[in-house]
Amino acid sequence: MPIKGFIFDLDGVLTDTAEYHYRAWKRLADELDIPFTRADNEALRGISRRESLLLLLKGRAYPEETLRKLMERKNGYYLGYIREMTPQDMLPGARELLIEIRNAGLKTALGSASKNAREVIERLGIAELFDAVADGYSVTRQKPAPDLFLHAATLLGLSPTECVVVEDATAGVEAALTGGFYVIGIGPQERVGKAHVILPDLSKVRLDQLLARLPVSV
Ligand code: B16
Ligand code: MG
């Protein structure tokens with residue numbers, strides 16, 4: 001089946017909000033006196049807010065109400081950081097590829113675990129470049145479950161085998177493969193090695209070359 005649509009992850013693919021997530025989690029961890037490094041933050045890539053908090057707490061138990069307040073506090077810090085985002089914060093080549101895909105008549109969706117995804121794409125000035133948005137509010141089971149990408153494909157009216165998912169996280173690549181999508185992994189082999197195509201980033205990436213590298217049966 002030919003490719004008819006692309007589903008883009010947000011953080012780590014279109015923009016680098018991982019840095020802001022890191023600063024917000026680090027601030028919370030410092031306040032709680034819990035050690036938290038950039039390496040620890042790497043493990044949170046593509047993981048939901050709640051799962052991220054549980055990883056940060058490293059087994060420390062808190063009542064549900066406290067967990068909710070800690071997530072709220074972290075998100076407040078994060079929102080403060082992303083308020084400074086502008087269209088300049090797109091990662092190299094990402095906007096150009098999105099535009100090229102749309103000009104070719106293919107559909108585009110966002111498939112991000114973030115509950116702040118809509119605000120981020122507004123700030124980046126790319127909200128109009130998506131036919132559909134699937135975000136942290138769209139499904140209950142987060143990556144590595146395939147639900148978010150399956151939801152995005154449904155919104156586009158396409159089947160998984162007609163879609164390419166572009167992801168930077170191990171959990172996201174796994175989610176897309178489980179869902180039966182073609183996957184482009186952005187980042188190092190050890191992180192996205194299971195994807196069909198692996199790229200360091202989206203700079204200078206051309207749509208026709210990308211499609212030619214996918215194992216699509218026509
Ligand atoms: P929020 P993505 C993910 O975005 C981030 O990679 C991950 O670090 C974050 O915890 C998650 O969104 C939830 O974000 O706290 O804003 O709801 O990579 O799926 O675009
Ligand atoms: Mg990501």
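The structure presented is a predicted model; accordingly, all values stated were derived computationally and were not measured. We count ligands from 1, going down the list as the structure has it; atoms in each ligand are counted the same way.
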Asks: If you count the atoms of ligand 1 from 1 in the order shown, which ones are under 4.0 Å from a heavy atom of Asn116?
Replies: 1 (P), 16 (O)
Asks: Looking at Asp9, which of its N, O or S atoms is the nearest one to the Mg ion (ligand 2)?
Replies: OD2
Asks: If we only count N/O pairs under 3.5 Å, is Asp168 in contact with ligand 1?
Replies: no
Asks: Flag Arg49 as yes when one of its N or O atoms lies below 3.5 Å from any N or O atom of ligand 1, and as no otherwise.
Replies: yes
Asks: Tell me whether Lys204 at atom NZ has more than 12 heavy atoms from other residues, nucleotides or ligands lying less than 6.0 Å away.
Replies: no
Asks: If hydrogens are left out, which of Gly136, Ala134, Ser114 has an atom nearest to atom 13 (C) of ligand 1, that is, the closest non-hydrogen atom?
Replies: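 Among Gly136, Ala134, Ser114, the closest heavy atom to atom 13 (C) of ligand 1 belongs to Ser114.
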Asks: Using a 3.5 Å cut-off on N or O atoms only, is Ile47 in polar contact with ligand 1?
Replies: yes
Asks: Do Asn75 and ligand 1 have an N or O pair less than 3.5 Å apart?
Replies: no
Asks: Does Leu44 approach ligand 1 within less than 4.0 angstrom via side chain, backbone, both or neither, non-hydrogen atoms only?
Replies: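 Backbone only.
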Asks: Of Thr178, Val183, Asp9, which meets side-chain contact (heavy atoms from CB on, under 4.5 Å) against Val173?
Replies: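 Running side-chain contact (heavy atoms from CB on, under 4.5 Å) over Thr178, Val183, Asp9 with Val173 returns exactly one hit, Val183.
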Asks: Closest N/O/S atom of Asp168 to the Mg ion (ligand 2), by atom name?
Replies: OD1
Asks: Less than 4.0 angstrom from a charged side-chain N to a carboxylate O is my criterion; do Glu174 and Arg191 meet it?
Replies: no
Asks: Between the Mg ion (ligand 2) and Asp11, which N, O or S atom of the residue is the nearest one?
Replies: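 So the atom name we want here is O.
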